[in-house]
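All values below were derived from every heavy atom in this structure, side-chain atoms included, with hydrogens, water molecules and symmetry-related copies excluded. Residue numbers start at 1 and run along the sequence shown.
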Amino acid sequence: MRPIIVIVAVLAVLLGMGSVYQVRENQVGIRFQFGRVVESDIQPGIHFKLPLVQNVLVFDRRILTLDAQPERYLTSEKKDVNVDFFVKWRIRDVRRYYQGTAGNELAALQRLRPIVTEAIRNEINQRTLQDVVSGERAYLAQRFIQVANQASESLGIEVVDVRIKRIDLPEDSTVIGSVFDRMRAERLRVANQLRAEGQEASERIRSDAERQRVVIVAEAERDAQRLRGEGDARAAEIYAGAYGRDAEFYAFYRSLEAYRRAFADGEGVMVLDRNAEFLRYFEQGARVPAR
């Protein structure tokens with residue numbers, strides 16, 4: 001009798017354990033009965049099921065990552081670009097997720113990747129290289145999300161974010177050469193502009209310096225002329241005073257000055273009449289004014 005009781009107790013414990021299951025905080029559950037879904041979107045907590053009849057599968061409901069390999073796309077200008085991107089996604093409808101992927105995360109990634117790739121291709125095909133690289137990055141990300149969510153709705157998957165990590169030009173593409181040429185032309189334009197601005201500043205500085213030089217020279221010449229005039233006036237005043245005091249001695253002194261200038265180099269030759277006034281004080285017996 002006792003073995004039967006033990007067996008019954010063990011079976012009761014096993015059945016009790018088989019009727020209770022737990023869904024963790026980061027999971028979502030789905031319950032089956034003979035392979036048919038009887039309850040989906042089971043939230044975290046302790047739940048009950050019929051032992052041996054029902055079974056439960058749980059899936060990670062956190063945001064997951066699809067890190068794809070770079071893909072080559074064509075812009076509206078028929079230029080090639082390599083786009084490296086990643087996708088953030090999560091399970092939105094666990095019933096559809098199970099029906100579309102059999103609950104296999106790898107299968108979900110394999111089906112999600114071409115959906116996102118096609119969404120990116122369609123959007124890039126409608127835009128120029130400039131728009132793709134810089135002009136509409138934020139808007140493109142939103143478009144990727146919208147289009148990918150529409151296509152992945154049947155999988156029970158929600159695309160949370162699509163981010164472009166890098167956009168490269170293929171090494172075998174002629175776009176690289178044209179981009180480098182454009183960058184070189186832009187740098188050359190900036191350099192020429194800076195040179196022109198420097199030349200303009202240089203000419204402005206030179207013209208200002210020349211103007212100041214002319215002003216300074218003119219003022220110096222004006223002051224010099226004034227000083228010469230004052231000196232000449234003073235000299236004339238002195239000469240007039242000397243002439244007024246002794247006209248004969250003044251004439252003698254001026255003659256000596258004229259002789260000194262005329263014969264300063266010692267080689268000068270002058271042909272004059274012997275009665276010329278210039279030789280007045282060279283005559284024998286000429287009277288020299290006394291002082």
ask   = Between Asn149 and Glu153, do the side chains contain an N or O donor and an N or O acceptor separated by less than 3.5 Å?
value = no
Set of side-chain hydrogen bond (donor to acceptor under 3.5 Å, both in side chains) partners for Gln225, sequence neighbours left out = Glu221
note = Across all chains, not counting sequence neighbours, the side-chain hydrogen bond (donor to acceptor under 3.5 Å, both in side chains) partners of Arg31 are Glu39, Gln54
query = Less than 4.5 Å apart, any side-chain heavy atom of Asp208 and any of Arg211?
reply = yes
inquiry  = Donor-acceptor check, side chain of Arg36 to backbone of Phe32, threshold 3.5 angstrom: yes or no?
reply    = no
key: Polar side chain donor-acceptor pair, Gln43 to Asp41, under 3.5 angstrom   = yes
Contact check, side chains of Glu25 and Arg61, non-hydrogen atoms, under 4.5 Å = yes
query = With no hydrogens and no angle check, do the side chains of Asn192 and Arg195 hold a donor and an acceptor under 3.5 Å apart?
reply = yes
query = Salt bridge or not for Arg234 and Glu230, using N-O below 4.0 Å?
reply = no
inquiry  = What I want to find out is whether Glu71 reaches Arg113 closely enough, with some N-O distance under 4.0 Å, to be called a salt bridge.
reply    = yes
message = Under the ring-ring contact (aromatic ring centres under 6.0 Å, His included) definition, can you give me all pairs with a residue in residues 36-91, not counting sequence neighbours?
response = Tyr21-His47, Phe59-Tyr97
For Glu203, side chain to side chain contact (heavy atoms under 4.5 Å, CB included) partners two or more places apart = Gln199, Arg206
Flag if over 12 foreign heavy atoms under 6.0 Å of CD, Gln69 = no
request  = Decide yes or no for Asp84 and Ile164: does some side-chain heavy atom of the first lie under 4.5 Å from some side-chain heavy atom of the second?
outcome  = no
ask   = Can you name the side chain to side chain contact (heavy atoms under 4.5 Å, CB included) partners of Gln150, sequence neighbours left out?
value = none
task = For the pair Arg90 and Asp60, find out whether any cationic side-chain nitrogen is under 4.0 Å from an anionic carboxylate oxygen.
result = no
key: With sequence neighbours excluded, residues passing side-chain hydrogen bond (donor to acceptor under 3.5 Å, both in side chains) with Thr65   = Lys88
